[in-house]
Amino acid sequence: MKIFLNKKKLVDLIHREKNLGFVPTMGAIHEGHMSLIKRANLECNKTIVSIFINKPQFNKKDDYKFYPRILNKDIYLLKKMKVDFLYLPKNKEIYPYGINRNIRISPFRKKLCGKYRPGHFEAIADVIERFVNIIKPNKIYMGEKDMQQLKIIKNYISKKYKKIKVIGCKTIREKSGLAISSRNLLMSKNDKKIASKVYQILSLNKKSIVNKKISLLHIKNEIYNLGIKKIEYLKVLDINKLVKPYKKNKKYKIFISYFMKSVRLIDNI
Ligand code: AMP
């Protein structure tokens, strides 16, 4: 695995690649990231992973400050996964002149997480576009765990960069059902157990929730009874109607964001 701290040599090397798969991450590599890398390794000639904790997409100082940083372990895992290139840019290289304030993305940006994290998806579209312009990948691999992010970025990139494909990959879960996330490192064993019960309640009741046999209010109360203090949102949405062009067939998912103590978790089931 070749590691690049800046783009100079990286660009020379990778722009010759004909089928380059790109997996953008913020590090604290886990099985969710690894599933994207596996898929990129299978479908592309070469795979490049980036680790960059993108400050502008954080809405709270502490969330950025306490975001897990375990670079040595990340490098070990990525080498084991036979990643070809790892790009670890500094802030200055990505934002030489600050952020782009003219990012125009789908109106879906205002729903779900966007309602509670103003500017979050614009900041992600901005940073992904910056990486796209440096790396010029053929395919970008992203997780369905962050479904809203995936839909918005897929829409944004496919309109502006017609040759680049954004590929969504299934959510990887722990045995308990808890979606794997770098932020899980910030939770105790017991907190994780409670969080997995949230998943279990939603997946067990999904059919009845979608058919409106059980109300969302009832489910919210069940979740509060687990000891969760704050649910930001709990919504049922047709994922084929989230961003235009809409598809005809219906595919409902339950979207949730809640706080397990101070850790904000999201999932879709
Ligand atoms: P992050 O490092 O959290 O920014 O995530 C980098 C990429 O990994 C994003 O495209 C995420 O959607 C994806 N990802 C994170 N967790 C999972 C998971 N449990 N399963 C699948 N993909 C994931």
Side-chain angles (χ1 to χ4, degrees), residues 21-44 47-60 63-64 66-71 73-75 77-78 81 83 86-89 94 112-114 117 120-121 123-132 135 137 139-157 164-187 192 195-196 198-199 202-203 239 242 253 255-257 260 263-269:
F22 172 40
V23 181
T25 83
M26 298 205 295
I29 298 299
H30 52 64
E31 282 169 59
H33 300 122
M34 289 189 202
S35 74
L36 311 186
I37 294 167
K38 264 187 213 153
R39 177 112 182 244
N41 280 348
L42 268 178
E43 296 179 356
C44 305
T47 301
I48 176 164
V49 173
S50 65
I51 296 180
F52 182 67
I53 304 183
N54 183 39
K55 200 172 178 189
Q57 79 185 59
F58 286 80
N59 301 80
K60 289 187 179 145
D63 192 20
Y64 175 73
F66 296 119
Y67 198 84
R69 292 161 170 86
I70 39 174
L71 187 59
K73 188 172 171 215
D74 287 351
I75 291 175
L77 289 174
L78 295 174
M81 296 282 309
V83 165
L86 171 62
Y87 180 34
L88 302 168
I94 299 300
L112 304 178
C113 292
R117 308 185 73 182
H120 174 68
F121 291 112
I124 294 175
D126 186 7
V127 77
I128 294 283
E129 185 164 30
R130 287 164 192 270
F131 274 98
V132 159
I135 292 173
K139 295 179 186 124
I140 305 174
Y141 292 84
M142 300 182 80
E144 288 180 356
K145 155 80 174 39
D146 303 283
M147 181 68 83
Q148 190 175 14
Q149 165 179 291
L150 169 66
K151 292 277 173 187
I152 289 171
I153 298 301
K154 198 171 187 165
N155 183 261
Y156 183 72
I157 295 294
I164 301 178
K165 257 181 109 176
V166 176
I167 295 160
C169 306
K170 288 219 162 357
T171 301
I172 305 298
R173 299 179 182 278
E174 290 184 359
K175 270 200 192 112
S176 65
L178 176 67
I180 297 177
S181 159
S182 305
R183 285 190 173 90
N184 293 0
L185 291 173
L186 305 172
M187 286 194 285
K192 282 173 68 174
S196 69
V198 174
Y199 167 78
L202 295 178
S203 70
I239 59 164
L242 300 180
K253 290 244 179 211
F255 290 82
I256 188 165
S257 159
M260 184 62 247
V263 183
R264 183 178 180 275
L265 298 173
I266 59 168
D267 201 351
N268 63 89
I269 287 133

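Order of listing sets the numbers, starting from 1, for every ligand and every atom in it. Atom set for the values below is all heavy atoms of this structure, side chains included, hydrogens, waters and symmetry mates excluded.
- Neither the backbone nor the side chain of Phe52 comes within 4.0 Å of ligand 1, counting heavy atoms alone.
- At least one heavy atom of His30 sits under 4.0 Å from some atom of ligand 1.
- Of the heavy atoms in Leu150, none comes closer than 4.0 Å to ligand 1.
- Counting heavy atoms under 4.0 Å from ligand 1, residue His33 touches it through the side chain alone.
- Looking only at distances, no side-chain donor or acceptor of Asp267 sits under 3.5 Å from a matching main-chain atom of Ile256.
- Lys170 O, 3.3 Å is the protein heavy atom nearest to atom 21 (C) of ligand 1.
- Contact annotation: Pro24 has at least one heavy atom less than 4.0 Å from an atom of ligand 1.
- The shortest N or O to N or O distance between Ile172 and ligand 1 is under 3.5 Å.
- Regarding atom 12 (O) of ligand 1, its nearest protein heavy-atom neighbour is Asp146 OD2, 2.6 Å.
- Within the 4.5 Å cutoff, the side chain of Arg264 has no heavy atoms near those of the Asp63 side chain.
- At a 4.0 Å heavy-atom cut-off, ligand 1 touches Met26 through backbone and side chain alike.
- Here Glu31 has no heavy atoms under 4.0 Å from ligand 1, in either its backbone or its side chain.
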